[in-house]
Amino acid sequence: MNTKIIGSGVLVALLVFSIAGYVGAFGGGGEGKLEYKVYAKEQIMSGAYKVYGNPKLGFWVAKVVLHNPGNGVIKNIRIKYSIDNYASETEKSYPILVPNGTIVDLYYPILSSEVTKLSASTPSNIRITITYEINGETREESITKPLNILGVNDFVFSSLSPEESTGSFYDTFSNAPLLAAWVTPSDPVVREFADMGNKLAGGAGASLSDDEAIKSLSGMWALAVMNGFSYKTEAEGYWTGKFSEHIMFPRDVIRDKSGTCVDLALWFASLAMSQGLKSYIVLMPGHAFPLIELPSGAIIPVEATAINGGVSFQEAVQVGIQKTWAEAMNGPHIIINVAEMHSEGIVPPELPQLPADILSKWGITLQPAGGGTTGGVIGGSGGTGETGGETGGETGGGTQTQWNTYLSDYFSFDYPANWDAPEDYGGYVYLMSPDGEFEFMVIYSQGASVQDMVYAFEQSLADIGATIKDRQETQASIAGQTVYTVLYTIDTGYGDYSAVARYFTANGIGFAVVYDFPADNSEYNQLGEYIVSTFKLR
């Protein structure tokens with residue numbers, strides 16, 4: 001005889017006897033009495049609609065509290081829920097509610113994906129029916145609660161009622177984890193944009209190493225800068241947590257080539273994740289930014305709003321490290337682990353299928369734009385000290401559609417076909433835009449060290465009377481490697497200029513690859529990064 005089965009049978013018998021005795025004790029002469037309260041959320045987010053059907057996440061939409069203050073039982077309780085047009089009827093049942101007992105039932109609706117087609121807040125109703133047997137008769141209670149289903153781009157930072165919220169930063173942004181539903185690494189639009197960025201970076205494999213990851217991220221960033229992406233400020237009251245705010249999906253940022261700090265954080269996190277990197281979103285009072293985890297586990301903060309100034313990816317990281325991250329760590333903040341939230345069920349909604357050539361239709365291109373004002377920084381000086389060109393000339397504006405390749409014995413790079421060919425002075429190759437505003441140069445010397453190349457370039461500035469006003473050391477990629485890089489602000493006596501210099505050694509040769517342009521000219525900064533992305537060693 002199986003004693004385990006006998007034991008289980010005895011336990012069930014005792015449980016049935018206990019319930020029967022309990023019912024007998026209270027069901028004879030006493031009378032039950034039902035009191036109920038119904039709570040419902042005022043609004044739900046269609047962009048995160050999948051979270052509401054997952055009880056583990058705890059985002060209930062309605063709550064029914066039943067209480068029996070009588071001295072008799074209430075039996076066969078059934079609670080039915082539905083949401084007009086968007087959730088079919090579901091039912092929960094409870095066999096008995098004992099005297100002075102309470103039942104709390106939470107409604108987690110399985111919403112239809114039709115909600116993702118809503119572009120604006122849409123009124124609906126939660127319909128609740130409670131049926132039960134009490135004192136020998138069956139009764140029914142019907143309750144209707146209004147519910148606003150927000151448009152697919154609407155986000156509410158907090159769903160806490162005034163009596164639940166303490167007013168703290170964390171209560172004001174209690175819905176922050178739901179932002180993970182707006183991170184869409186699997187969206188074909190995001191993946192195609194990321195692939196274009198990788199192409200610009202020379203085919204980087206982001207998950208292979210930190211250097212490859214930086215190269216990939218730099219390429220995607222450069223593609224955005226090249227196509228004129230910008231940061232737009234949030235509307236007044238955006239960070240109050242009291243109202244729904246418009247949050248763009250990454251594909252919307254790509255389409256509009258702009259976004260708020262939250263939009264840009266979600267966009268860049270999506271790009272990084274599409275390449276196999278882990279991403280995080282940091283919320284702090286009045287701001288949001290992404291963190292990217294490199295294959296080694298190192299984490300870099302990216303000030304995504306720096307896209308507005310057309311800066312390089314390295315500069316955006318530098319601002320992220322020195323300013324944004326430091327500010328976040330010194331105050332209240334929330335870090336959202338996107339991959340973890342996705343694994344728990346906070347996942348993106350279905351998005352409409354778009355044509356395969358949608359990026360082309362939106363004007364996303366690998367071709368950079370030229371443009372500018374006047375002058376040049378170095379005027380061709382350096383290396384041999386010969387003149388590489390004169391100030392002035394024709395305007396170099398407009399999108400370049402044709403490219404030529406400059407070949408030397410040691411390296412190559414692409415340049416606009418409608419520009420004059422680069423001049424080779426032996427140890428110094430010089431290229432200038434037709435309007436004289438932009439200069440690109442490669443200084444190289446057999447057996448020279450990185451320090452030698454830094455001295456050569458900076459001495460050339462001193463030789464022409466230019467003064468280095470600011471000098472920021474960082475790292476950037478070129479020819480598949482991460483190298484020592486310096487960002488310069490230079491006073492030429494007729495205006496400030498920016499220069500980006502990459503210093504490295506390869507095959508026994510020291511290199512300085514430099515481009516300069518009038519300060520704040522984002523178009524020429526984009527052009528410089530593009531030419532650098534085509535630089536290859538031979």
Side-chain angles (χ1 to χ4, degrees), residues 180 183-187 189-226 229 250 253-254 264-282 289-307 311-322 324-325 335-343 366 472-485 487 500 502-504 506 513 526 529-530 532-537:
V183 180
T184 58
S186 298
D187 184 353
V189 179
V190 170
R191 296 185 72 86
E192 185 181 354
F193 187 95
D195 289 344
M196 288 180 69
N198 271 335
K199 182 178 180 181
L200 191 61
S207 61
L208 298 178
S209 67
D210 285 9
D211 286 348
E212 288 293 290
I214 292 293
K215 183 178 176 183
S216 174
L217 295 168
S218 298
M220 292 183 285
W221 180 274
L223 178 63
V225 171
M226 182 184 301
F229 279 47
V253 173
I254 296 170
L264 293 172
L266 300 171
W267 160 71
F268 204 74
S270 297
L271 290 176
M273 291 184 70
S274 77
Q275 301 305 296
L277 302 174
K278 291 183 179 180
S279 296
Y280 308 80
I281 304 296
V282 182
F289 62 96
L291 299 176
I292 310 300
E293 184 173 332
L294 302 179
S296 67
I299 293 178
I300 56 173
V302 181
E303 182 45 71
T305 64
I307 199 83
V311 304
S312 68
F313 177 67
Q314 288 71 25
E315 289 175 288
V317 171
Q318 188 173 36
V319 174
I321 294 172
Q322 295 179 350
T324 316
W325 177 252
I335 300 178
I336 303 162
N337 184 330
V338 178
E340 183 178 306
M341 294 300 99
H342 281 183
S343 68
L366 284 170
Q472 299 182 33
E473 298 180 356
T474 183
Q475 289 184 322
S477 61
I478 187 170
Q481 57 183 310
T482 301
V483 301
Y484 174 66
T485 303
L487 311 176
V500 180
R502 289 167 166 86
Y503 302 104
F504 60 100
V513 179
Q526 296 165 29
E529 284 302 300
Y530 179 77
V532 166
S533 75
T534 68
F535 182 93
K536 294 180 175 60
L537 296 170

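Just the heavy atoms: all of them, side chains too, but no hydrogens, waters or symmetry mates, feed the values below. Given the structure is predicted, the values throughout are model-derived calculations rather than measurements. In what follows, residues are counted from 1 in the order of the sequence shown.
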Point-to-point distance, once rounded to the nearest 0.5 Å, from CD of Q275 to CZ of R191: 7.0 Å
Taking all heavy atoms of A272 and all of I292, pick out the closest pair and write down the distance. CB-CD1, 3.6 Å
Sub-4.5 Å side-chain heavy-atom contact between E529 and V225: no
By ring pair (Phe, Tyr, Trp, His ring centres under 6.0 Å), which residues pair with F268, not counting sequence neighbours? W221, F313
Sorted by chain and number, sequence neighbours left out, side-chain hydrogen bond (donor to acceptor under 3.5 Å, both in side chains) with D211 holds for T482
side-chain hydrogen bond (donor to acceptor under 3.5 Å, both in side chains) against S218, all qualifying residues, sequence neighbours excluded: Q314
Rounded to the nearest 0.5 Å, what's the gap from CD1 on I254 to CG on D187? Could you check? 7.5 Å
Answer whether the closest heavy-atom distance between the side chains of Q481 and L537 falls below 4.5 Å. yes
Hey, what do you get for CD1 (I299) to NZ (K278), rounding to the nearest 0.5 Å? 9.0 Å
Heavy-atom nearest pair, A201 first then G219, reads CB-CA, 3.9 Å
Walk me through it: do I214 and I300 pass the test side-chain contact (heavy atoms from CB on, under 4.5 Å)? CA-CA 10 Å; I214 292 293; I300 56 173; 3.9 Å; yes
Which heavy-atom pair separates Y503 from V483 by the least distance, and what is that distance? O-CB, 3.6 Å
Q472: which residues meet the side-chain contact (heavy atoms from CB on, under 4.5 Å) condition with it, sequence neighbours left out? Q318, D470, L487
Sorted by chain and residue number, the side-chain hydrogen bond (donor to acceptor under 3.5 Å, both in side chains) partners of E192 (sequence neighbours excluded) come out as none
Residues forming a ring pair (Phe, Tyr, Trp, His ring centres under 6.0 Å) with F229, sequence neighbours excluded: F193, W267
Contacts of S312 that satisfy side-chain hydrogen bond (donor to acceptor under 3.5 Å, both in side chains) - sequence neighbours left out: E315
So, the side chain of D210 versus the backbone of L294: is there a donor-acceptor pair under 3.5 Å, distance only? no
Check: L277 and L217 side chains under 4.5 Å, non-hydrogen atoms: yes
Under 3.5 Å, is there a donor-acceptor pair between the side chain of S477 and the main chain of K215? no
Taking side-chain contact (heavy atoms from CB on, under 4.5 Å) as the definition, give me every residue that meets it alongside P185, ordered by chain and number, with sequence neighbours left out. V183, M273, S274, H342
V319: side-chain contact (heavy atoms from CB on, under 4.5 Å) partners, not counting sequence neighbours: E303, K323, T324
What distance separates I335 CD1 from I281 CD1, expressed to the nearest 0.5 Å? 11.0 Å
Taking side-chain contact (heavy atoms from CB on, under 4.5 Å) as the test, write out the residues that go with A304, two or more places apart. L264, P290
Sequence neighbours excluded, which residues qualify as salt bridge (charged side-chain N to carboxylate O under 4.0 Å, His left out) partners of D195? none
What heavy-atom pair brings V190 and L271 nearest, and what distance separates the two atoms? O-CD2, 3.7 Å
Check: T474 side chain, T485 main-chain N or O, donor-acceptor pair, under 3.5 Å: no
I'd like to know whether T305 forms a side-chain contact (heavy atoms from CB on, under 4.5 Å) with F289, so could you lay out the CA-CA distance, the side-chain angles of the two residues, the decisive distance to 0.1 Å, and finally the verdict. CA-CA 8 Å; T305 64; F289 62 96; over 6 Å; no
